[in-house]
Structure formats: C-alpha cells, structure tokens
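Below: one structure, written as structure tokens.
Worth knowing before you read on, the calculation uses all heavy atoms, side chains too, and leaves out hydrogens, waters and symmetry mates. Every number for a ligand or one of its atoms is a count from 1 in the order of the listing. All values reported here derive from a predicted model rather than from experimental measurement.
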Amino acid sequence: MRPKLQDFQKILFFFIFLIKTVQPSWWYLGLISSSQTDFPSEPHKEEDVDCSNFKFLAPRQKELCSKEAQLHKVIGEGAKRGIAECQNQFSNRRWNCSTFNTTDVFGKVLQLKTRETAYIYAIQSAGIMYAVTRACARGDLERCGCDTKVRQKDTNGQFEWGGCSENTRYGGKFSKEFVDTNEHRTSEDGLMNLWNNEAGRKATKSQMDLLCKCHGVSGSCSVKICWKKLKNFQAIGKALKDKFDGASLVRFIKNKRKLKRINRDMKKPTKKDLVYLHESPDFCNQNPNYGSLGTQGRKCNKTSFGLDGCTLMCCGRGYYTIIKEIKEDCDCKFVWCCRVDCKRCTQVVEENYCN
Ligand SMILES: *[C@@H]1O[C@H](CO)[C@@H](O)[C@H](O)[C@H]1NC(C)=O
Ligand SMILES: *[C@@H]1O[C@H](CO)[C@@H](O)[C@H](O)[C@H]1NC(C)=O
C-alpha cells in the first residue's frame, strides 16, 4: 500500500521538530547570575568562578569569559538586562517574552525564525555590549576604560572633551566576538542571527547622549566639559522594538549565501534593521511545538483597541472581569507634633482577564 501524502507530511513535520533542537545559550547566565536587582553590582571579593565549567557556553565563549575574573558577572548582567527589557517591551503583547528555567532560556519560540526571534537576538547582543561598555567606564574590567579617541573629534569650539566617555567600540567588539561565534555564515539561521546581532549593536551605538558640565566663575559657562554616555537601556529596547515593527521578511539565497528581501516593493533592509525568515504564529493558544503559552488568563485592557485590548489579546474568546476593592490611606493630615493621621479609603478597581 502506498503511503498517503498526509502521512508523509506528518512524518516530515515530526522530523523538522526532532532535528531542530534549540541550542543552549550564554543567555542562561542572565538567569543564574546572582539575583541582585540593582546594577551596578559591587565587584571584587567574589569567589572564583571558572567559565570553562559553564556547559551552555561555546568553546570560544568559555575562552573569552575566562580572560578576566569579572567577565562572567558582566556577561550575566548583560543577559539579564536583555531579558528584562524584552519582557518590558513585550508585556502588552500576546507573546510576552516569557523565559523558562532552561539553558535555551526563551524556549522553543526560537525554533521559528520569526521577528520575535530576531528581537531576542538583537536585544541580547545589545545587552552584552551595554554591560561591557558600562563595566569599562566603571573601571571593573582590566582591558578597557574610557574612550580616549573621542577626544580627537573636533568640537567646533563649542566645548572641550573631558570626563569619561563610554567606549562603545570595545563593548561592541566584545559583543561581536562573544555572541557571533555561535553562528554559521553558511546557513539561513546563522545569517539571520548574525544580521540581528549586528542590528542590536548598531541600535546601542545610536543611543548615546552628550552630557556637559559648566565650569567658570559664579555660574558662567566659560569652560564647558562634555563626555558621551549611553542612554538608559530602555531607550535601546524601544529603538529595537521600532525595528521589530518594521522588520523585513527575507529568504535565503543558497548559492550566494545571502539573505534577500522577499517583497521587492518593500524597502531593502539595512544593517540597522531586523530581518526574519518565517511569519509569526498568532500565539493565541498554548502550543508546545513552538513554546507558545497562549493568552488564557492574561490581563487585558477593556477600552483599548490595541494589542493589549481584550479583543485582540483574547483572540475573540472573550474575557472575564474581577472587581477588586483596594484599601489605602487617604486625606492624610499632619498633627503637631509629630503624627500623621489618615483615613482609610476604599477604591474599587476592575480588572479584565482573557478566557
Ligand atoms: C533553575 O534551575 C536550576 C538548575 O536546574 C536551579 O538550580 C535553580 O534554582 C532554578 N532557578 C529558578 C529560579 O527556578
Ligand atoms: C506572560 O504570559 C504568561 C501567560 O501567557 C504568563 O504566565 C506570564 O506571567 C507573563 N509574563 C510576564 C512577564 O508578564
């Protein structure tokens, strides 16, 4: 009996998911690094950590990480920043950048080469560049410091360079060496990841401020000293989120080993843009094959027509409402001396959740 086409498809589907296992990643350092919530952490007096014991690092990454005692902390800090910012930028979307306590961190969503995957690679590459750059400026790393080359740039007599300009060149170079080492230039996945890694670094470089301080008698600004500093990481997360919204669908040209846009009517993606190979699923329902948790039980906004609104978030399944009473202090008065008297007020709030 000849096998039916349908059976063949089933087998093929099975094999695709079987063969494409998700790789462990350095991002895991962001989950296991000590649970300090405040960067910058205080370095020194940390027990020796041997990066070569981290099974989730590639050989070259172990080597780079071992170069300095503090590096594993800085890399962990970068990964953690990236994860937190991804969850911040996507908190109101169906896919909300959930992480799992596994060495692939973001789970099976990475098996699909969608814009979500593109964002993850870009923000993580940016995270490590940011963390290394900051650590250099703080003096936590031995091989780098402030950017001295920037001082050669002409300022048209407007100000003088001074202070510590942050060295994104070193941070970017480290990110590239460390992050890109996992990828193959000959595969479509590798090329896509490399492209998005670089877009993350370009976004980081574009988010710098010129900060200045005036010196001079009684508030005059006869000498103006300026230096360059990275904006907060949220600015980078937002810049990449805009790139996510405008990401380009590309395909792999095998004999040229290149990615090319599919739709010639669309603008050609630059190195600053995000690219992806597959359209995203809707993430409405739970699907273990691509790590979708579904939107059941997610909070939604009844009055919004956007992605956070109950209509789109709940995929038409409807929602339920919970009325909560919140008790809080109100009408507080200062009573001489020294007491504050408050009334207790009850506020009623309505919260909506997807069915
Ligand atoms: C994650 O898993 C590791 C090892 O399986 C465990 O040691 C750690 O406590 C877990 N972390 C969390 C936050 O669950
Ligand atoms: C993301 O959504 C899942 C359910 O889809 C939920 O369990 C989780 O708490 C959400 N995570 C964040 C960071 O909001």
Side-chain angles (χ1 to χ4, degrees), residues 17 22 25-39 76-112 114-128 130-131 200 232-242 244-245 276 278-322 324 326 349-355:
F17 280 111
V22 180
S25 170
W26 63 274
W27 304 329
Y28 192 51
L29 264 178
L31 291 186
I32 60 170
S33 67
S34 53
S35 55
Q36 297 147 313
T37 43
D38 262 330
F39 315 113
E77 184 190 312
K80 207 164 160 182
R81 260 188 206 283
I83 293 166
E85 188 51 32
C86 181
Q87 293 183 342
N88 174 39
Q89 292 294 333
F90 285 81
S91 59
N92 291 329
R93 298 184 63 108
R94 287 181 192 156
W95 177 76
N96 64 359
C97 202
S98 296
T99 54
F100 306 88
N101 191 14
T102 51
T103 56
D104 57 31
V105 180
F106 297 97
K108 290 196 171 166
V109 71
L110 296 167
Q111 283 183 339
L112 306 180
T114 57
R115 345 168 152 240
E116 283 78 13
T117 297
Y119 189 88
I120 289 172
Y121 275 82
I123 196 78
Q124 292 304 90
S125 165
I128 191 169
Y130 194 94
N232 62 24
F233 195 64
Q234 219 174 321
I236 295 159
K238 172 72 174 60
L240 285 172
K241 180 65 188 330
D242 293 342
F244 171 91
D245 290 329
Y276 63 99
H278 306 140
E279 292 292 0
S280 306
D282 59 21
F283 294 108
C284 280
N285 301 309
Q286 204 167 6
N287 188 329
N289 285 337
Y290 52 87
S292 170
L293 297 172
T295 63
Q296 212 178 356
R298 284 286 299 280
K299 207 168 173 176
C300 61
N301 182 346
K302 200 170 87 174
T303 53
S304 163
F305 293 108
L307 284 170
D308 61 333
C310 293
T311 311
L312 287 179
M313 178 64 83
C314 311
C315 307
R317 295 186 309 262
Y319 60 93
Y320 57 92
T321 303
I322 292 177
K324 276 189 184 161
I326 300 175
V349 292
E350 189 188 296
E351 288 179 350
N352 301 290
Y353 297 90
C354 292
N355 287 328

Shortest protein heavy-atom distance from [atom], along with the residue and atom involved:
atom	value
atom 12 (C) of ligand 2	Asn96 ND2, 3.4 Å
atom 4 (C) of ligand 2	Arg298 CD, 3.8 Å
atom 7 (O) of ligand 2	Leu293 CD1, 4.9 Å

Handout entry: Side chain proximity check, Lys241 to Phe90, heavy atoms < 4.5 angstrom
Key =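 Sidechains of Phe90 and Lys241: in contact.
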Handout entry: Proximity of Gln296 to ligand 2 by residue part, where a heavy atom lies under 4.0 Å
Key =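 Neither; no heavy atom under 4.0 Å.
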Handout entry: Whether over 12 other heavy atoms sit under 6.0 Å from Glu351 CD
Key =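 Yes.
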Problem - Arg317 side chain to Thr295 side chain, donor-acceptor N/O pair below 3.5 angstrom - result: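 Checked: Arg317/Thr295 side chains pair up, N/O donor to acceptor below 3.5 Å.
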Practice task
Check whether the side chains of Asn96 and Ser91 place a donor and an acceptor atom closer than 3.5 Å, and report yes or no.
Solution key: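 The criterion, which ignores hydrogens and geometry beyond distance, is not satisfied for Ser91 and Asn96.
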Practice task
If the plane angle is over 60° it's perpendicular, under 30° parallel, otherwise tilted; pick one for Phe283 and Trp95.
Solution key: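 Phe283 and Trp95: tilted rings.
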Practice task
Number the atoms of ligand 2 from 1 as they appear, then name those within less than 4.0 Å of a heavy atom of Ser98, with their elements.
Solution key: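 Result: 1 (C).
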Problem - Under 2.5 Å between SG of Cys354 and Cys300 - result: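 No, no disulfide: SG-SG not under 2.5 Å.
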Exercise for the section: Please determine if Gly294 has a nitrogen or oxygen closer than 3.5 Å to a nitrogen or oxygen of ligand 2. Expected result: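 Yes - when backbone and side-chain N and O of Gly294 are compared with those of ligand 2, one distance drops under 3.5 Å.
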Exercise for the section: Indicate yes or no: does an N/O atom of Thr295 lie under 3.5 Å from an N/O atom of ligand 2? Expected result: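 It does not: no N or O of Thr295 is found under 3.5 Å from an N or O of ligand 2.
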Practice task
Can you confirm whether something in the protein, heavy atoms only, sits under 4.0 Å from atom 9 (O) of ligand 2?
Solution key: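 Given the 4.0 Å cut-off, atom 9 (O) of ligand 2 does not count as touching protein heavy atoms.
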